[in-house]
Amino acid sequence: MVSLLGVLTVWAWQGKPRHTSSDTGQITETAQTLARVVRRRWEDEAILRQLFEPAPLPVIWTCCRRGELTDRTTRPDSAILCHADVPDELVETFQTTRQRVVVLGPGGSGKTTFAVLLVLALLRTRNTDDPVPVLCPLSSFDPSRETVRDWLQRRVTEDYPALSDVQRYGTSSIVELLTEHRLVPVLDGLDEVPAARQAGVLAALNDTLPTNAPLVLTCRTNDYARAVRESTPLANATVLEPAPLHVGQTLAALRLAAPRQQRPEWDTLAAHLSQNPDSPVGHVLTSPLMATMARSVYAGGDRDPTELTDLRRFPTLPAVEHHLLDALIPTLYARSRRQSPTGGWNAEKARRYLTFLAQGLSKQGTFDFAWWKLHTWSSALTNPWRRAATWLAIALVGHLVTNPFLVLFFGAPWEIVPMCMAQATAVVPMFLLSSRAPVALATIGHRTGFSALVALSGGLAISPAAVPFLPGANVAHKVLGATASVGLCLWLVVLAAGLPAPPERPNRGRPGIAQWSRRLPRALGITACVAVSSSLFFASYAAYLHRDGEPRFLASLRDGLVIGAVLGIGLAFLRWIRSASAADDQESLEETLRADRHWHCSAAEPVPSCSCCLTPVSERASGSPTHSQISRS
């Protein structure tokens, strides 16, 4: 009972936050921290997307004239004329539209770029009490599983893990920011939600968020029209759509981004288009996406843009598009290798890996690249039976290699080899049962109960192998004792490390000395609690087995204390590295992978899913193209 209460105390201590809700100071601090990390992240992403080389493309956004796409209470305002490359106009447009905007357009028309530029413009002019814009991809939202508020809270906490520090920001700061209209959700990509639930997402936004709450939504025009027919338009929102880029404006922007020695070549291309206005390259350059692609391919001076004038090589619009898409990866990776000769990736190798990822995402039918779920792309790693068999083989090999050393160098009896080999079968029921775990074991009771069930299954599998080697004649007592001993040990491990099943999301955390004065007493308390509990349990178990008077009580007390201290230190260490180390913690994909030291077990805290098209995932050091650029290709 002492051991049981000790384990429960440790687990309850880990799971119970100090604050049940956020106070006014915590909400204000959350807003300031969120504004800081959002601006830093999207400024870096804008640079990597080359949005400011030397300026964003001059796309003009006006009020949509299709009445069926607009809420009845919102009348089109013909005075709205917003240039995407003028930040002041972006802010003014957002404010004059009552801070509720729907951004429509065909594929590649610059909707995501508009959202990024709007977020940065609002953050640069933001005062202390102004709302904080946060860009979130909509592709992961399922209204049948969670509400808009719950999803937004989860996304913001996952994308910006510093805000998951409930000791500093409380547990309800994001919800309070939404309630007080101090958060501007910029929801990108309604068209990337499965078509069957696009109308449900639109209805959920109308039903959950007040009509005066700030909101920005982007979507392809045809998808939004279909969702509106099945539901209703976004309430009280102004609908914007882009005007096609003028070829002259595009060429002027591309010429400014090119090196000085390459500008005559752009003049040659401009002369060709003036003489051949229906040329395929002219139509391609009216698309913001293709114009951005052309800037990425030709701006470095590696290629000659006059090659686009060859009508035999590029007779149609798709031919020009395919050429730009094919040239993107080699150009950017070659540029990266020149910037960092000792680092960076080979273009052909990168293309091979990116092709594999693109094919996998297509088969999964998603735009979200959840890198920690790559195991689901292989049936051999997804099937619970195969996973259990794999770990059984690993356990058998491990015992076969290590146990002879125990016999030869530490004097263990030879019987330990077959006994441990038989005990390895415990992994089979544990893995099979863990695959049945609910997606979210939210409460302490659920985690404790299900972990106890998994540990009990492992203890029952081990006890038959241990019975022949235990003293005493009563088989029932042997089975009961072995099951209790092994089951409790497994329970402690499962509670600390998580269920032996692939996680829904990876762990995000890193060792840090922030708030050490609060963490150190907890770590010492965890270690002491587990050590004392383990010591008492081992001593009691030894006294039960050796009722004939053999003096094993003190030795078992000592052994239990040592083992418990080791396990307690492990628990404290796991808790330490699963805590955010700084208030402005911002991690790239590479840093998250490096910090994810527990990819094989359930995560203690949520971590961001990485949307390949929309969430900023960048190889910051190498200057390689972003996943968003590649996925569009």
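Keep in mind the model is a prediction, meaning the values are calculated, not measured.
- Taking 4.5 Å as the limit, some side-chain heavy atom of V284 sits within range of a side-chain heavy atom of L324.
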Go through the steps to decide whether M293 and L325 satisfy the test side chain to side chain contact (heavy atoms under 4.5 Å, CB included), and finish with yes or no.
CA-CA 7 Å; M293 204 82 66; L325 292 172; 3.6 Å; yes
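- Distance alone, capped at 3.5 Å, is enough to place a donor-acceptor pair between the S296 side chain and the T292 backbone.
- Here the closest non-hydrogen pair linking V59 and P242 is CG1-CB, 3.9 Å.
- Taking every heavy atom of both residues into account, R126 and A35 meet most closely at NH1-CB, 3.8 Å.
- In this structure, the side chain of T97 engages the main chain of F94 through a donor-acceptor pair within 3.5 Å.
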Applying side-chain hydrogen bond (donor to acceptor under 3.5 Å, both in side chains), run through Y169 and T33 and close with a yes or a no.
CA-CA 10 Å; Y169 304 107; T33 301; 3.3 Å; yes
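- Between W266 and Y298, the ring planes are perpendicular. Angles over 60° get that label, and only those under 30° would be called parallel.
- Each of V38, L122, L34 was scored for a side chain to side chain contact (heavy atoms under 4.5 Å, CB included) with P133, with one residue passing: L122.
- A salt bridge links R124 to E43: one of the charged nitrogens lies within less than 4.0 Å of a carboxylate oxygen.
- In this structure, CD on E92 lies 10.0 Å from CD1 on I80, to the nearest 0.5 angstrom.
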Trace of the side chain to side chain contact (heavy atoms under 4.5 Å, CB included) decision for D191 with Y224
CA-CA 7 Å; D191 53 281; Y224 187 74; over 6 Å; no
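- Evaluated for a side chain to side chain contact (heavy atoms under 4.5 Å, CB included) with L178, the options P214, P210, P185 yield exactly one hit, P185.
- Put simply, the side chain of V101 reaches to within 4.5 Å of the side chain of V103, judged on heavy atoms.
- Checking side-chain atoms of R100 against main-chain N and O of T211 turns up a donor-acceptor pair under 3.5 Å.
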Check the pair E230, R197 against salt bridge (charged side-chain N to carboxylate O under 4.0 Å, His left out), reporting the backbone distance first and the verdict last.
CA-CA 10 Å; E230 299 175 6; R197 65 173 191 247; over 6 Å; no
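- The shortest distance between side-chain heavy atoms of E192 and P137 does not fall below 4.5 Å.
- Atom CD of Q364 sits in a crowded spot, with more than 12 heavy atoms from other residues, nucleotides or ligands closer than 6.0 Å.
- Contact check for R154 versus I174: no side-chain heavy atoms found under the 4.5 Å cut-off.
- The CD atom of Q99 sits 11.0 Å away from the CG atom of N236 when rounded to the nearest 0.5 Å.
- Between A115 and L135, the closest heavy-atom pair is CB-CD1, 3.8 Å.
- Note that OG of S279 and CG of L273 are 5.5 Å apart. Values are rounded to the nearest 0.5 Å.
- Taking 4.5 Å as the limit, some side-chain heavy atom of F114 sits within range of a side-chain heavy atom of L90.
- A donor-acceptor distance shorter than 3.5 angstrom exists from the side chain of T147 to the backbone of D150, with no hydrogens or angles considered.
- To the nearest 0.5 Å, atom OG1 of residue T218 and atom CG of residue L240 are 12.0 Å apart.
- Under the 4.5 Å side-chain criterion, counting only non-hydrogen atoms from C-beta, D188 is not in contact with L138.
- Minimum heavy-atom separation, P131 to V184: CB-CG2, 3.6 Å.
- With hydrogens and angles disregarded, a donor-acceptor distance shorter than 3.5 Å links the side chain of D130 to the backbone of N127.
- Taking 4.0 Å as the cut-off between side-chain N and carboxylate O, D223 and R226 count as a salt-bridged pair.
- You'll find the side chain of Q249 stays beyond 4.5 Å of the side chain of L57, heavy atoms only.
- Side-chain contact between F141 and L152 is absent, with no heavy atoms from C-beta onward closer than 4.5 Å.
- Side chain of D142 to main chain of S144: a donor-acceptor pair is present (N/O by atom type, distance under 3.5 Å, no hydrogens or angles).
- Shown here for T221 and P106, the closest heavy-atom pair between the two residues is OG1-N, 4.1 Å.
- Taking all atoms of both residues into account, the shortest heavy-atom contact from R149 to T179 is NH1-OG1, 3.4 Å.
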Could you check D159 against R41 for side chain to side chain contact (heavy atoms under 4.5 Å, CB included), going step by step and ending with a plain yes or no?
CA-CA 10 Å; D159 290 347; R41 169 172 291 189; 3.9 Å; yes
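- In this structure, CG on L120 lies 10.5 Å from OG1 on T125, to the nearest 0.5 angstrom.
- Between the side chains of S140 and R155, at least one donor-acceptor pair of N or O atoms lies under 3.5 Å.
- Checked by atom type and distance alone, the side chain of T250 pairs as donor or acceptor with a backbone atom of H246 at under 3.5 Å.
- Atom CD of E241 and atom CH2 of W61 lie 9.0 Å apart (nearest 0.5 Å).
- No donor-acceptor distance shorter than 3.5 angstrom exists from the side chain of S231 to the backbone of A227, with no hydrogens or angles considered.
- Side-chain N or O atoms of Q198 include one that pairs as donor or acceptor with a backbone N or O of V193 at under 3.5 Å.
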Would you check, one step at a time, whether the test side chain to side chain contact (heavy atoms under 4.5 Å, CB included) holds for V186 with V134?
CA-CA 6 Å; V186 182; V134 180; over 6 Å; no
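- A donor-acceptor pair under 3.5 Å is formed between the side chain of R351 and the backbone N or O of D326.
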